[in-house]
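Numbers restart at 1 for each chain; the letters A, B, ... are given by sequence-line order, proteins then strands. All heavy atoms count here, side chains included; hydrogens, waters and symmetry mates do not.
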Amino acid sequence: MGNLKSNRRIEPRLLKGFRDYPPEEEMARQTLIARVRSIYERHGFLPLQTPALEYAETLLGADYTADNLKDLFGFRGPDDVDMALRYEFTVSLARYIAVNPELALPFRRYQYGPVWRVDKPGPGRFREFMQCDFDIVGTSSMLADAEIIAVMVEVMSALGIRNFLVRYSNRKLINGLSTFAGIPDNRLQDVFRVIDKLEKQGQEAVALELGPGRTDRSGDKIPGLNLEKKQIDYLMRFIDIASAPPSDLLDSVEKLLGNIEVSRQGLTELRLIAQYLSRMEVPADKTRIDITIVRGLGYYTGPVYETTLLDLPEYGSVFSGGRYDNLIERFSSKSLPATGSSFGVDRMLAALIALNAVTLTKATSQVLVTAMDKTLLDNYISLVSEIRRAGINAELFMGETKNLNKQLKYADRIGIPLAVISGSDEFQSGTVTVKDLRAGAERARNLTDRKDWLKAEQVQETIDRSQLIPYLKSKLSG
RNA sequence: GCUGGGGUAGCUCAGUUGGUAUAGAGCGCCUGACUGUGGAUCAGGAGGUCGGGAGUUCGACUCUCCCCCCCAGUACCA
């Protein structure tokens with residue numbers, strides 16, 4: 001078994017929509033996650049992890065078919081079980097809550113990790129990607145929704161993003177409007193899906209999709225919902241109100257929908273959230289009610305939230321969510337209100353990179369101990385150990401070469417800032433040489449002559465061996 | 001999924017109407033020089049079955065068909 005030898009060379013390739021996370025990205029991502037976690041935990045959210053694989057029926061509901069299994073990474077696995085990779089965390093959260101009835105409610109939890117979807121990959125869009133959620137389960141209070149929004153604002157700020165806006169609304173506004181306009185409940189989801197395109201496709205396209213449909217730029221036909229003209233007019237009139245000045249936005253909505261019970265309830269909830277946000281001292285310029293926000297997804301029942309980057313509008317919503325009060329109905333007859341929000345880690349990271357809000361580094365070592373003389377190996381080993389004991393990240397060069405040349409090049413390429421050089425000269429005089437590679441790179445910019453470049457003044461110093469640690473520390477803090 | 005456009009070295013691309021293309025450039029990479037110093041410079045070098053398969057032809061990177069993959073728009077997004 002396993003010993004069959006084949007000379008076939010395997011092409012090194014990745015599955016469609018999958019990718020590697022190179023060190024510099026992964027380090028930036030871990031920093032991002034650490035910042036986000038600290039905000040979540042400051043608000044009392046607890047970490048929860050759930051398995052990547054779940055029963056197909058857990059993810060899809062009882063009446064899934066083999067066809068449904070193809071819509072996600074689903075398959076018949078070991079023990080003849082139909083299983084699938086999770087495509088989000090919410091269903092797993094619901095399952096967790098359903099099997100842990102003793103859980104103290106409201107339950108605040110956050111979860112991050114990879115999820116998998118069989119989508120067409122695009123720029124910033126993959127089949128395996130990192131998602132980061134946080135939710136409050138077990139309360140209908142608008143206080144929870146306000147807190148979700150407040151956390152979103154804090155997270156964005158903590159990531160170093162200044163120019164963003166969290167907009168929110170309430171689906172109940174349109175729920176009521178639709179009843180009023182005679183749009184059947186089972187079409188509501190479609191209506192939300194179409195209205196969700198407002199930002200990207202514009203009012204005309206939305207009006208067309210609510211009606212007969214339209215043709216996209218490549219000439220492809222997009223079917224419409226075929227609503228009656230009167231119904232479309234109602235919806236478009238509502239959408240028009242969105243451009244009213246914020247001060248009397250809600251009053252305008254009230255004029256149009258104030259006599260519809262559901263809509264009025266939605267209005268009340270929106271006002272409550274705004275009130276709570278202000279009491280929480282969430283910066284007023286970071287949140288705004290925008291009644292065109294609806295979210296395209298099916299399960300939202302009330303307030304919905306979206307975050308846009310004002311400097312990168314093409315990124316769309318980078319952090320969004322809403323209230324979904326039907327959370328565990330798949331697993332229990334009980335109903336459990338919940339609200340939460342999530343962001344795609346990779347997309348957020350891409351945004352941070354685009355905004356220059358992160359620095360990418362390729363090295364974790366701060367010091368490279370070079371090794372040019374085999375007979376001094378013991379010396380090198382104790383040097384690097386000593387540096388590490390002092391709490392400085394360091395590595396000993398382990399390549400095949402003795403060329404100082406190559407060793408410094410190695411350090412330069414991955415961005416290790418300092419190199420410790422210790423040949424026989426230094427060893428005999430009880431000194432070490434420390435080279436500051438960053439200063440060297442800076443200096444090299446204006447030099448074309450190699451002799452000048454080699455002079456190395458202000459770029460390296462030979463110091464007493466006993467002074468090494470303090471010297472390194474002062475270099476690194478400066 | 002649908003519509004459209006592409007696939008030539010690791011990357012970006014060039015390659016005249018099918019035959020001096022057993023395929024080139026820049027960047028990158030490797031080796032060496034500059035006597036223990038990353039940059040710059042100079043000199044060498046490795047690397048491609050021209051996405052895969054079938055066909056047309058005396059002959060195909062260049063033409064035809066099928067497949068795969070990539071890009072753009074759009075749909076779906078639980």
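- An OP1 or OP2 oxygen of B/G39 is reached within less than 4.0 angstrom by no side-chain nitrogen or oxygen of A/Arg443.
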Under 3.5 Å, which protein N or O atoms sit close to an N or O of nucleotides 68-70 of chain B? Give each pair with its distance.
none

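- Remark: the backbone N or O of A/Ile293 is not paired with any side-chain donor or acceptor of A/Arg167 at under 3.5 angstrom.
- In this structure, CG of A/Asn403 is placed 11 Å from P of B/C34, rounded to the nearest angstrom.
- Using a 4.0 Å cut-off, some side-chain N or O of A/Lys197 falls inside it from OP1 or OP2 of B/C76.
- Remark: A/Arg413 is in phosphate contact with B/C30, judged by side-chain N or O atoms under 4.0 Å from OP1 or OP2.
- Separation of the A/Phe18 and A/Phe73 ring centroids falls under the 6.0 Å cut-off.
- The backbone N or O of A/Asp464 sits nowhere less than 3.5 Å from a side-chain atom of A/Gln467 that would complete a donor-acceptor pair.
- Rounded to a whole Å, the CG atom of A/Asp373 is 13 Å from the P atom of B/G36.
- Aromatic ring centres of A/Tyr110 and A/Phe134: separated by at least 6.0 Å.
- One interatomic measurement links the two molecules: NZ of A/Lys409 to P of B/U37, which rounds to 14 Å at whole-angstrom precision.
- When the shell of 6.0 Å around CD of A/Glu26 is examined, it contains more than 12 heavy atoms from other residues, nucleotides or ligands.
- Evaluation of atom-type donor-acceptor distances gives a pair under 3.5 Å for the side chain of A/Lys120 against the base of B/U74.
- Within the structure, every side-chain polar atom (N or O) of A/Lys406 is placed at least 4.0 Å from both OP1 and OP2 of B/C30.
- Here the separation of B/G52 from B/G7, taken at their P atoms, is 13 Å to the nearest Å.
- Using P as the reference atom, B/C11 and B/G18 are 29 Å apart when rounded to the nearest Å.
- Residue contacts for A/Arg330: at a heavy-atom cut-off of 4.0 Å it reaches no nucleic acid atom on any strand shown.
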Write out a two-atom table: protein N or O, nucleotide N or O from nucleotides 40-46 of chain B, distance below 3.5 Å.
from	atom 1	to	atom 2	distance (Å)
B/A40	N6	A/Arg450	NH1	3.1

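- Without hydrogens or angle criteria, A/Asn393 side chain to A/Thr364 main chain gives a donor-acceptor distance under 3.5 Å.
- Whole-Å rounding puts the A/Asp119 CG to B/C77 P distance at 10 Å.
- Using a distance-only test at 3.5 Å, with no hydrogens or angles considered, a donor-acceptor pair links the side chain of A/Arg330 to the main chain of A/Leu59.
- At least one side-chain nitrogen or oxygen of A/Asn405 sits closer than 4.0 Å to the OP1 or OP2 atom of B/G38.
- Remark: the backbone N or O of A/Val345 is not paired with any side-chain donor or acceptor of A/Arg29 at under 3.5 angstrom.
- Counting distance only, with no hydrogens placed and no angle test, the side-chain atoms of A/Gln460 and the base atoms of B/U37 include a donor-acceptor pair under 3.5 Å.
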